[in-house]
Amino acid sequence: MCPERPFHDTGGECVTNVDPFGTLKQALWICGGQWAGKSTVSRLLARRHGITVYHYDFHDARAHQDRRIAHRVRNGSPAEDPDPDTVWVEPTPERMAADTIAGFPLRFEWALDDLRALVSGRPILAEGWGLRPELVAPLLDSPRRMIVLVPTDEFREHQLRVLPRAAAMAQRISDPERAQRNRVARDRLVAEDAVRTAKSLGIRVLEIDGSRDAEVVADVVAEHFGPYLV
């Protein structure tokens, strides 16, 4: 028997998660599109409220690489990362988005392993685009524990112009311009899917258009989390 019913009922089936220190139960979550300012807002909230932030992207790109390799080997795939052209140049943005979304559940389990090991007297704030609404919802006792930040198309283009890490592909690619166009289109599709899912689950979506600076956006997010930050 499930000791607690999540706010979102997934067809009556109880979703159980090992949570030895109660970290997942008290966690706060920021998901959404790439380049929406999730990390910046999270750092501001950490400084203001003395909470710990878990940066999904950092762990996904670095600490989880060994697990990614092991997963490929167990499934009979080469241990090496795929050729960048096969990832960024050859597929359509639609195929890229579908593959990215399909890969989130496994990557989410790795993030949960990280979070389960954290012990804190204050909530842990987990942020990142892979912390998808449909994956987080079964862990929540209230939709106010999560918010989804998504950039408008105009703000996404602004971020691509001003952020060095967003402006160019890191790998050597045969057609960098096409790869970048594919990546931007993929990111838009993945963000749109997160918005649709969040709205269907009653999770708040906050659109970021650049008209408010990060401090003001952090104010809005803090108000949304409300008593959980006290």
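Here the structure is a predicted model, which means the values were calculated and not measured.
Residues Ile101 and Leu201 fall within the same hydrophobic cluster, defined by Ile, Leu, Val, Met, Phe, Trp and Tyr side chains chained together at heavy-atom separations under 4.5 Å. With hydrophobic clusters built from ILVMFWY side chains whose heavy atoms lie under 4.5 angstrom apart, Val148 shares a cluster with Phe108. Residues Leu112 and Trp110 do not share a hydrophobic cluster, defined by chaining ILVMFWY side chains whose heavy atoms lie under 4.5 Å apart. Cluster membership check: Val136 shares its hydrophobic cluster with Tyr54, using side-chain heavy-atom separations under 4.5 Å among Ile, Leu, Val, Met, Phe, Trp and Tyr. Leu140 and Val195 end up in the same hydrophobic cluster when Ile, Leu, Val, Met, Phe, Trp and Tyr side chains are linked at under 4.5 Å.
Phe21 belongs to a hydrophobic cluster whose remaining members, ordered by chain and number, are Val119; membership requires side-chain heavy atoms of ILVMFWY residues under 4.5 Å apart, directly or through intermediates. Ile69 belongs to a hydrophobic cluster whose other members, connected by ILVMFWY side-chain contacts under 4.5 Å either directly or through intermediates, are Val73.
Put simply, the side chain of Ser200 gets close to the backbone of Thr197: a donor and an acceptor are under 3.5 Å apart. No side-chain donor-acceptor contact under 3.5 Å links Asp187 to the backbone of Gln34. Listed for the Thr92 side chain is a donor-acceptor partner under 3.5 Å among the backbone atoms of Arg95. Listed for the Asp19 side chain is a donor-acceptor partner under 3.5 Å among the backbone atoms of Thr23. Put simply, the side chain of Asp175 never gets that close to the backbone of Val89: no donor and acceptor are under 3.5 Å apart.
Rounded to the nearest 0.5 angstrom, Ile147 CD1 and Arg204 CZ are separated by 4.5 Å. With rounding to the nearest 0.5 angstrom, the CZ atom of Arg116 is 11.5 Å from the CG atom of Leu118. Ile208 contributes atom CD1, which lies 5.0 Å from atom CG of Leu149 (distance to the nearest 0.5 angstrom). In this structure, Glu94 CD and Met96 CE are separated by 10.0 Å, a value rounded to the nearest 0.5 Å. The distance from the CG atom of Asp114 to the CD1 atom of Ile124 is 11.5 Å, given to the nearest 0.5 Å. For the atom pair CD1 of Ile30 and NE2 of His55, the computed distance is 10.0 Å after rounding to the nearest 0.5 Å.
No hydrogens or angles considered: nothing links the side chains of Arg156 and Gln159 as a donor-acceptor pair under 3.5 Å. A donor atom on one side chain and an acceptor atom on the other are not found under 3.5 Å apart for Asp60 and Gln65.
Within the 4.5 Å cutoff, the side chain of Arg67 has no heavy atoms near those of the Leu106 side chain. Counting only heavy atoms from C-beta outward, the side chains of Gln180 and Trp88 never approach each other to under 4.5 Å. Put simply, the side chain of Leu135 reaches to within 4.5 Å of the side chain of Pro105, judged on heavy atoms. The shortest side-chain heavy-atom distance between Val220 and Leu206 falls under the 4.5 Å cut-off.
When all heavy atoms of Ala36 and Pro151 are compared, the closest pair comes out as CB-CD, 3.6 Å. The minimum heavy-atom distance between Ala214 and Val41, with the atom names listed, is O-CG2, 4.3 Å. In this structure, Thr86 and Pro91 approach most closely via the heavy-atom pair O-CD, 3.3 Å. Taking every heavy atom of both residues into account, Val150 and Gly33 meet most closely at CG1-N, 3.8 Å. Scanning both residues, Pro143 and Ile203, for their nearest heavy atoms gives CB-CG1, 4.4 Å.
Sorted by first then second residue, the salt bridge (Lys or Arg N to Asp or Glu O under 4.0 Å) pairs that include residues 120-129, not counting sequence neighbours, number zero. Pairs passing the side chain to side chain donor-acceptor pair (under 3.5 Å) check and including a residue from residues 205-214, sequence neighbours excluded, read Asp209-Ser211.
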Which pairs would a plain distance check flag for residues 223-230, meaning a side-chain donor or acceptor within less than 3.5 Å of a matching protein atom at least two apart in sequence or in another chain?
| unit_1 | atom_1 | unit_2 | atom_2 | d |
| --- | --- | --- | --- | --- |
| His224 | NE2 | Arg144 | O | 3.3 |
| His224 | NE2 | Met146 | O | 2.8 |

Show me the side-chain donor-acceptor pairs of residues 46-53 shorter than 3.5 Å, one per line, residues at least two apart or across chains.
| unit_1 | atom_1 | unit_2 | atom_2 | d |
| --- | --- | --- | --- | --- |
| Arg48 | NH1 | Asp219 | OD1 | 2.7 |
| Arg48 | NH2 | Glu215 | O | 3.0 |
| Arg48 | NH2 | Glu215 | OE1 | 2.7 |
| Arg48 | NH2 | Asp219 | OD1 | 3.2 |

Leu131 and Phe104: CA distance, side-chain angles, deciding distance, side-chain contact (heavy atoms from CB on, under 4.5 Å) verdict | CA-CA 8 Å; Leu131 307 175; Phe104 278 141; over 6 Å; no
Decide yes or no on salt bridge (charged side-chain N to carboxylate O under 4.0 Å, His left out) for Asp153 and Arg188, but give the supporting numbers first.
-> CA-CA 8 Å; Asp153 288 343; Arg188 181 182 297 109; 3.1 Å; yes
For the pair Leu139 and Lys25, evaluate side-chain contact (heavy atoms from CB on, under 4.5 Å) and give the outcome as yes or no after the intermediate values.
-> CA-CA 7 Å; Leu139 304 174; Lys25 182 178 179 180; over 6 Å; no
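The ring of Trp35 has its center no closer than 6.0 angstrom to the ring center of Phe155.
Ion pairing of Lys38 with Asp57 is absent here, as no side-chain N (NZ or NE/NH1/NH2) approaches a carboxylate O to less than 4.0 Å.
The only member of Arg186, Lys199, Arg132 that meets salt bridge (Lys or Arg N to Asp or Glu O under 4.0 Å) when paired with Asp193 is Arg132.
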